[in-house]
**Q** 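Input: one structure, supplied below.
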Amino acid sequence: MSYDFSLRIPAALRKRGRKGEPHPDQLRRLQRAREILVAFEPDIRFDDDDGMFTAFSSELGDVYVSHDRIALAMSMGAEVRAVYSAIHGLLKRFHREGYEAVDPQIGGAIVYRESFADFMRQYREHFRCPDAEFEQWCRGEDPPIWAQRRALRERGDAQAALAFPRYEWELSWAQQKALTDEALWAHLRDVIGRNDQVIASSGLADYLQLLSIEAQSDQAARRLDGSYYPEMLATTWFQGSRLHYERLLLGELQHRGYRAVVREQPQQFTLIFDLDGEQAISNAHADAVRSTMIGVVARLKAAGLVRSGAATGTENRWSYFLYGDDVDAIHLALVEIFADPDLYPPMRIAKRYGEQGAREIELAFAAVAG
């Protein structure tokens, strides 16, 4: 997986040449980007390709430059400081050139700050640690306790792989679907009890708590005790284990709306944008939605109504999923925000009053919340 970050010229400022040819401003922007990159790294190499180029930077990694966009694509497996240093370095080079910085991982705009520590405070929600540890890391130091956690992670990975080997599901998907809610609930509790015994006898409680902290997010799945299941991609032993089976059983009951397994928080608010009627997605419509949502999410976060968000696109529609504690309050705030006629309005919304399986309603977005 990659960590994607880009700088874009705002849609309102973009110019298009005739008959598909680049506008002179776009050509000047390409040349200016090349000059800036060379000024910071005289030995930087370039690979030109039909109106765009890739710069191979020893400081930033691969930089992809087109007429209206500059992008980084970094591996999620890269050292964390290297990822954010590259983002900071790209902004240092181009923050005066008219680009807006967009980070889809936080669902909003990023502002350049000369101090790396000041800059990183925009990413505070990405770090599951106390403030003092985060500030120490921003100063270029790894807190000593982080080394202890890494050691715990390494030991736990090895122990968990033995304690939770891959095995055949006790119930197939079809058999799960065929059970009544009460029968599936009884089976789930039995599986949880056996998993808890393994965790206790193998001494994995502290390790799983560490994984829970790392996996914590509004979209992540949780056990009945409130802890978060390990992240699938970051924990190789988890997939196919009985703990994974437990998660699937729980997910089936949540999908059914079985009350005993559905929590009231977080709540999910979805905005659905019809980008261009029956037409395929156009860049102009997509940019209008993206630019609108940068400001919308920032205002909702500032008001304390939204903690996080995510976006997805299919055909000619985009949906934004926002997570908070009160979807009705989010709805009221959005009615006020979208009273501005310059914003690209959503066509429909959905409000889910809790986790997956909770009560959910979908309705057209109206001028008055109901």
Side-chain angles (χ1 to χ4, degrees), residues 1 3 76-81 83-84 103-108 120-138 142-143 145-157 160 164 192 195-196 199 204-239 241 243-244 246-251 254 261-270 297 300-301 304-312 320-327 330 352-358:
M1 294 182 64
Y3 191 113
M76 293 290 282
E79 197 275 326
V80 175
R81 197 184 306 278
V83 170
Y84 292 113
D103 191 327
Q105 283 77 208
I106 66 171
M120 283 304 302
R121 291 189 181 97
Q122 298 172 96
Y123 287 97
R124 178 65 183 94
E125 66 185 55
H126 281 196
F127 290 77
R128 305 297 181 184
C129 64
D131 289 343
E133 293 178 16
F134 175 71
E135 294 295 334
Q136 188 175 359
W137 183 87
C138 288
D142 277 355
I145 195 173
W146 288 18
Q148 298 175 23
R149 291 174 186 155
R150 283 194 293 270
L152 173 60
R153 176 67 185 264
E154 291 174 3
R155 291 195 306 271
D157 284 345
F164 285 104
I192 290 174
N195 284 339
D196 287 343
I199 292 169
L204 292 172
D206 290 343
Y207 164 70
L208 288 174
Q209 178 60 28
L210 175 62
L211 295 187
S212 175
I213 293 171
E214 293 177 353
Q216 182 178 352
S217 76
D218 285 323
Q219 299 99 304
R222 287 184 287 171
R223 302 189 75 203
L224 284 185
D225 64 7
S227 64
Y228 290 81
Y229 288 104
E231 293 179 306
M232 192 80 70
L233 296 177
T235 314
T236 56
W237 61 264
F238 177 69
Q239 188 167 5
S241 70
L243 197 61
H244 183 199
E246 173 191 308
R247 174 182 171 178
L248 296 177
L249 294 173
L250 181 59
Q254 288 176 325
V261 299
V262 176
R263 300 174 180 85
E264 295 180 354
Q265 303 297 338
Q267 297 184 4
Q268 176 182 285
F269 193 101
T270 304
V297 172
L300 292 174
K301 284 186 174 180
L305 295 173
V306 167
R307 290 189 298 274
S308 63
T312 184
Y320 278 79
F321 306 97
L322 306 175
Y323 298 90
D325 293 335
D326 189 339
V327 290
I330 294 172
R352 192 178 74 197
Y353 293 85
E355 289 188 321
Q356 179 184 1

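Residue indices begin at 1 and follow the sequence shown.
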**Q** Which heavy atom of Q267 sits nearest a heavy atom of G354, and at what distance?
**A**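 It is CG-N, 3.5 Å.
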
**Q** Working to the nearest 0.5 angstrom, can you tell me the gap between Y84 OH and F127 CZ?
**A**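 If I round to the nearest 0.5 Å, the distance is 4.5 Å.
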
**Q** Do L305 and F269 have side chains that approach each other closer than 4.5 Å (heavy atoms only, starting at C-beta)?
**A**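 The answer is no; the side chains never approach within 4.5 Å.
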
**Q** Please round to the nearest 0.5 Å and tell me the distance separating atom CD of Q148 and atom CG of L210.
**A**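 Separation between the atoms: 11.5 Å.
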
**Q** Per the side chain to side chain contact (heavy atoms under 4.5 Å, CB included) rule, which among R222, M232, R223 passes with R247?
**A**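 It is M232, the one option of R222, M232, R223 that forms the side chain to side chain contact (heavy atoms under 4.5 Å, CB included) with R247.
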
**Q** Do C129 and W146 have side-chain heavy atoms sitting under 4.5 Å apart?
**A**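 Yes. Closest side-chain heavy atoms under 4.5 Å.
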
**Q** What's the spacing between R81 CZ and C138 SG if we round to 0.5 Å?
**A**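 Here the rounded value is 8.0 Å.
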
**Q** Checking Q254 side chain against V261 main chain: does a donor-acceptor pair fall under 3.5 Å?
**A**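 Confirmed, Q254 side chain pairs with V261 backbone.
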
**Q** State plainly whether the residues E135 and R121 are in salt-bridge range, i.e. N to O under 4.0 Å.
**A**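 Here E135 pairs with R121 in a salt bridge, since their nearest N and O are under 4.0 Å apart.
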
**Q** To the nearest 0.5 Å, what is the distance between CD1 (I192) and CG (D225)?
**A**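 If we round to the nearest 0.5 Å, I192:CD1 and D225:CG are 8.0 Å apart.
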
**Q** Please find the pair of heavy atoms, one from G324 and one from Q265, that lie closest to each other, and give the distance.
**A**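 Smallest interatomic distance, heavy atoms only, reads O-OE1, 3.6 Å.
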
**Q** Is E214 salt-bridged to R149, going by a charged N under 4.0 Å from an acidic O?
**A**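 No salt bridge links E214 with R149.
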
**Q** Is there a side-chain contact between F164 and N195, using heavy atoms and a 4.5 Å cut-off?
**A**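 Contact flag for F164/N195 side chains = yes.
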
**Q** Report yes if some heavy atom in the side chain of S217 is under 4.5 Å from a heavy atom in the side chain of R128; otherwise report no.
**A**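 Yes, their side chains come closer than 4.5 Å.
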
**Q** Between CG of D196 and CG of L204, what distance do you get to the nearest 0.5 Å?
**A**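 The CG atom of D196 sits 11.5 Å away from the CG atom of L204.
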
**Q** Taking the side chain as every heavy atom from C-beta outward, state whether M120 and F134 have any pair of such atoms under 4.5 Å apart.
**A**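 Result yes, sub-4.5 Å side-chain heavy-atom pair found.
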
**Q** Do F321 and Q219 have side chains that get closer than 4.5 Å, going by heavy atoms?
**A**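 No, too far: nothing below the 4.5 Å cut-off.
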
**Q** Minimum heavy-atom separation for P230 and T235, please, with both atom names.
**A**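 Closest approach of P230 to T235, heavy atoms only: CB-OG1, 3.7 Å.
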
**Q** Write down the atom of L224, the atom of R263, and the distance for their closest heavy-atom approach.
**A**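 Reported closest heavy-atom pair: CA-NH2, 3.5 Å.
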
**Q** Taking side chain as C-beta onward, heavy atoms only, is L211 less than 4.5 Å from F238?
**A**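 No, every pair of side-chain atoms sits at 4.5 Å or beyond.
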
**Q** Any idea which heavy atoms bring P266 and R307 closest together, and the distance?
**A**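 Scanning both residues, the minimum pair turns out to be CB-NH2, 3.2 Å.
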
**Q** Below 4.5 Å, heavy atoms only, C-beta onward: do D142 and R150 meet side chain to side chain?
**A**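 Yes, at least one pair of side-chain atoms sits under 4.5 Å.
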
**Q** Restricting to non-hydrogen atoms, name the atom on S308 and the atom on D218 that form the minimum distance, rounded to 0.1 Å.
**A**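 Looking at all heavy atoms of both residues, the shortest contact is OG-OD2, 2.7 Å.
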
**Q** Please identify each residue that fulfils side-chain contact (heavy atoms from CB on, under 4.5 Å) with D157, with sequence neighbours left out.
**A**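 Result, side-chain contact (heavy atoms from CB on, under 4.5 Å) vs D157: R153, Y207, W237.
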
**Q** Check whether any side-chain N or O of S212 sits under 3.5 Å from a backbone N or O of L208 as a donor-acceptor pair, and report yes or no.
**A**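 Looks like no, no N/O pair under 3.5 Å.
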
